[in-house]
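Reading through the structure tokens given below for one structure.
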Amino acid sequence: MNQTFKKLEEEYLQKGQALSMALVVLEWDQATEAPKEANENTSKMIGVLSDLYFHAYINDEVKDMMKEIKQEQDTLDEREASIFRELELLYEELETIPPKEYAEYAELTALSTNIWQKAKEEKDFSKFAHTLERLINYKKKFANYRKKEDGKTSYDILLGDFEPGFDEKKFDDFFAVIKKELVPFIQEINEKAKNVEKSFNFKSFDVEKQKEFCHFIAEYIGFDFNKGVIKESAHPFTTNLHNKDVRITNHFYENNLESAIFSVIHEAGHAIYEMQVADELTLTLAGTGTSMGVHESQSRLYENIIGRSEAFWKPIYPKLVESFKEQLKDVSLKQFVQAINKPECGLIRTEADELTYSLHILIRYEIEKLLFEEKIKVSDIPSVWKEKYENYLGVTPTDAAKGELQDIHWAGGDFGYFPSYALGSAIGAQIYYYMKEKMPFDAYLAEGNLKPIQEFLKENIHKFGKTKKTNQILFDMTGEEFNPMYYVKYLKEKYRMLYEG
Ligand code: ZN
């Protein structure tokens with residue numbers, strides 16, 4: 001135990017952690033329970049707390065202690081070293097930015113979501129364009145401050161924030177594979193799946209019964225209700241306070257059965273990850289999922305690879321039919337599984353199926369790159385968006401709300417975030433093939449025994465929190481770093497089996 005580190009942790013880092021927890025609770029509350037008019041006042045107090053949070057970490061005393069610790073870095077144990085590394089990353093990200101500019105940027109992002117929301121409602125990109133341009137300029141500037149001699153581009157730096165160790169070169173290689181392998185494959189499968197009957201999914205489903213079933217299925221896959229809760233919000237999300245308090249939300253539509261079911265499996269996948277972080281790491285900077293990509297790999301492994309497989313539904317489909325007798329009485333298990341996987345080239349990312357999803361991400365990635373390389377201007381986004389949707393998915397956006405204004409991410413200043421969604425799907429597939437070698441994966445699903453899968457994920461991924469980065473996790477587990485070919489193999493095998501047999 002390094003004494004300076006001990007002092008740093010007890011007197012400063014824990015304060016930051018406590019403030020972060022308070023912020024998370026307030027934000028959770030705003031999204032789920034708070035009355036409508038609370039927003040403005042509460043937001044102000046969130047602003048005050050955010051500032052305290054920032055200064056709990058970024059201050060001269062902490063900086064001095066870090067210098068001291070750096071001198072004796074080899075005396076840190078593994079846990080301390082990984083927390084220290086996260087603190088250094090926090091400094092690297094925040095300290096280079098002049099506080100005044102950071103405050104201006106924070107103010108801008110507090111307003112920009114509303115501006116985006118209004119522009120989206122009015123389906124008018126020009127109403128958001130100026131704000132977006134300002135956001136991009138700040139992000140470019142901040143990334144420039146952080147540039148080192150290693151030749152990384154601004155966009156590399158942003159990508160690395162969400163996925164440490166990944167940059168444009170790595171994502172270029174990944175998306176090149178997707179483009180080459182999946183674009184033609186999607187056309188082929190769409191043709192074969194186009195007559196799959198799915199109208200049953202849009203009948204009327206009692207919301208209370210949906211809730212009951214979603215509660216059941218969350219528990220069934222391993223969501224621990226002693227360490228987690230499920231509430232409702234406009235869009236499903238996961239938030240975590242620590243490994244014994246992980247919260248997810250869901251959203252119910254009377255006329256769409258699959259929406260809530262797969263949302264809850266997805267969010268529960270995120271939650272299981274957080275619940276299984278080791279006790280010694282929780283409540284520290286290293287005590288959460290290691291990256292966006294690995295987080296998505298877990299949620300999508302549960303949602304798509306497990307949750308949309310026939311083996312998974314085999315033991316529980318009768319229960320679903322029991323809940324919705326009238327609506328599902330003529331739908332066989334096979335028809336159900338074909339329907340919940342049916343690919344469709346659409347305009348909306350969040351409604352996309354597993355197969356076409358990564359093309360929505362590819363489009364956003366290419367546009368972000370063009371913007372940060374200054375090859376296009378913000379005002380070019382609508383036309384570039386349209387062109388790419390036509391080229392890759394064969395569909396034409398009908399308006400800006402169904403086009404370039406559909407996602408909230410850019411309004412929050414999150415550039416470089418989207419690629420981690422697609423990366424997550426691909427990492428999930430790589431893990432899946434490895435697990436299939438190590439255990440009778442499908443047989444476990446078919447007998448309703450998901451515990452060994454959850455245990456495996458805990459031992460190989462979850463318990464490490466941030467102490468291991470993406471490629472380290474993959475390498476230590478499978479003997480290989482990230483390889484996108486598993487994703488292609490998985491999608492081709494799955495979809496051929498579903499619609500060609
Ligand atoms: Zn997710």
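When a ligand or atom number is given, it counts from 1 through the structure's own listing order.
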Please tell me whether [X] and [Y] form a close aromatic pair, meaning their ring centres lie under 6.0 Å apart.
| X | Y | result |
| --- | --- | --- |
| Y490 | Y486 | no |
| F415 | H409 | no |
| F482 | F174 | yes |

Scan side-chain atoms only and decide if H270 and E296 contain a donor-acceptor pair under the 3.5 Å cut-off. yes
E366 and K388: salt bridge (Lys or Arg N to Asp or Glu O under 4.0 Å), yes or no, with the steps? CA-CA 9 Å; E366 291 189 346; K388 290 191 183 292; 2.8 Å; yes
Output all residues satisfying salt bridge (Lys or Arg N to Asp or Glu O under 4.0 Å) with D245, sequence neighbours left out; order by chain, then residue number. R247
Could you enumerate the protein N, O or S atoms under 2.8 Å from the Zn ion (ligand 1), written like residue then atom name? H266 NE2, H270 NE2, E296 OE2
